[in-house]
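Reading through the structure tokens given below for one structure.
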Amino acid sequence: MSPEYERTTGGSERLFRRARRVFAGGINHNARYYEPYPIFVSRAKGQHIWDEDGNRFTDYWMGHMALILGHSPKAVVDALRGQIANGTHYGMGSSLSVELGEEIQKTVPCAEMLRLCNTGAEATMYLVRLARGYTGKRVVIKMAGGWHGYNTELNKGVHRPFDRAESAGILAEEQEFVKTVRFNDLEAAERAVREARGDAAVIFLEPVLGAGGCIPADEGYLKGLRELADRSGTLLAFDEIITGFRVALGGAQERYGVTPDLASFGKIAGGGLPLGLVAGRKEILSLADPSRKERFVSIGGGTFSENPLTMVAGLATVKHLRKNAKSIYPRLEKLGARLRDGVDREFGENGIEAHTTGMGSLFLTHFGTVPTSPEETSTEDKPMQKRYALALMPRGLFILPGHPGGISTAHTDADIGRLVNESGTLSATMRH
Ligand SMILES: Cc1ncc(COP(=O)(O)O)c(C=O)c1O
């Protein structure tokens, strides 16, 4: 498969064999499995990770793109050190959770109110419940290729043929009211709303499709969805778990200038610790107030929601981003553009058609067609995409095969230059 990869990662291979005896498939997130076996990480700092064999990689996976400040940034490490002596878990609210909530309120346009939980999958599940509780309607319209975590209802239409459950064990009945439509196709959304005959609760999408191919919404598409939602009495909700605090300080809703009724966040907002949250209009979020006498929408948290370690890590991150937004975002934008243009050019010069999609600091290199929607990735050379990522690893560059990458503030111009140059070197050998 890749002799160079296998020659340099014997320690990971041994650990993978052990891991397979204790975890199904040797992993604890399906995305983390790739052939012939994944590397196992022994430590991380800044823009680097080290594997079991001591190989150092410039990391572009960045903890599922959660680490916009790099691994273990000083602000977060100091905050965590300070908090550990004061307790790791309260199971109650604290000034820290209020402060994090207030920071997010100030930053995210739609966040009149919010609810904290522990993962993105939870946040999207609660978002759907709130949307249905508020509207009294049932149908959720999601995108073909849209990924919202492992919750049962939304685990539909992520992969081809985009219209069914992603897993055995999920009943068709459990997803009866979830409809998938083509991304970047306003007419398809209009049709779905029409077909729901007044029963569409929410149109829910990632403004930049993540796992579905790192594909940004077209100019005008989100505005069109906003108008469609308003016309039809449907809510509009964004899944900003990847785009939040990344494509702009206030997320994709700030960048596109379209404010949704509800939005889910996670990843960056937790500063590298587990977090999910639902934000949105006060009128909707206030339905989750347990002192309500009627129309109460019961959603989590859970045991670990607003745990103080996540709160201080999230606070340190969001505050740092807010304070330095004017320098951070333009710089990430520049690095992202350089990476996307450079990689495509290097492949092009060697006669390989490559298109790196993304926005700001997000990127994914596709071989073959330029996808504007996951449906168009059918003619794309997916095996080539994985071969490329695997070939980069022995050169000290880590992109999780088949998944988007995220640049952090720890990455340098020279890092991006190296990824571009190595892509050029590899492209000469990748035609077959
Ligand atoms: C857009 C999007 N939504 C939801 C999720 C699920 O979040 P989590 O993995 O924290 O459950 C992810 C995770 O990658 C995601 O990318």
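Note that the structure is a prediction, hence the values are computed from the model and not measured. Throughout, numbering of the chain's residues begins at 1 and tracks the sequence. Whatever order the structure lists ligands and atoms in, that order sets their numbers, starting from 1. The figures here come from the full heavy-atom set of this structure, side chains too, leaving out hydrogens, waters and symmetry mates.
In the model, S408 has a side-chain atom that pairs as donor or acceptor with a side-chain atom of H411 under 3.5 Å. Side-chain atoms of H355 and D344 include no donor-acceptor pair closer than 3.5 Å. For the residue pair D218 / T372, no side-chain donor-acceptor distance below 3.5 Å is found, with atom types taken as modelled.
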Side-chain donor-acceptor pairs of residues 390-405 under 3.5 Å, sequence neighbours excluded:
| unit_1 | atom_1 | unit_2 | atom_2 | d |
| --- | --- | --- | --- | --- |
| R395 | NH1 | E422 | OE1 | 3.1 |

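Pairs passing the salt bridge (Lys or Arg N to Asp or Glu O under 4.0 Å) check and including a residue from residues 233-254, sequence neighbours excluded, do not occur. Here salt bridge (Lys or Arg N to Asp or Glu O under 4.0 Å) pairs that include residues 118-136, with residues two or more places apart or in two chains, are R132-E153.
Closer than 4.0 angstrom to ligand 1 sit non-hydrogen atoms from T119, G120, A121, W147, H148, G149, E206, D239, I241, I242, K267.
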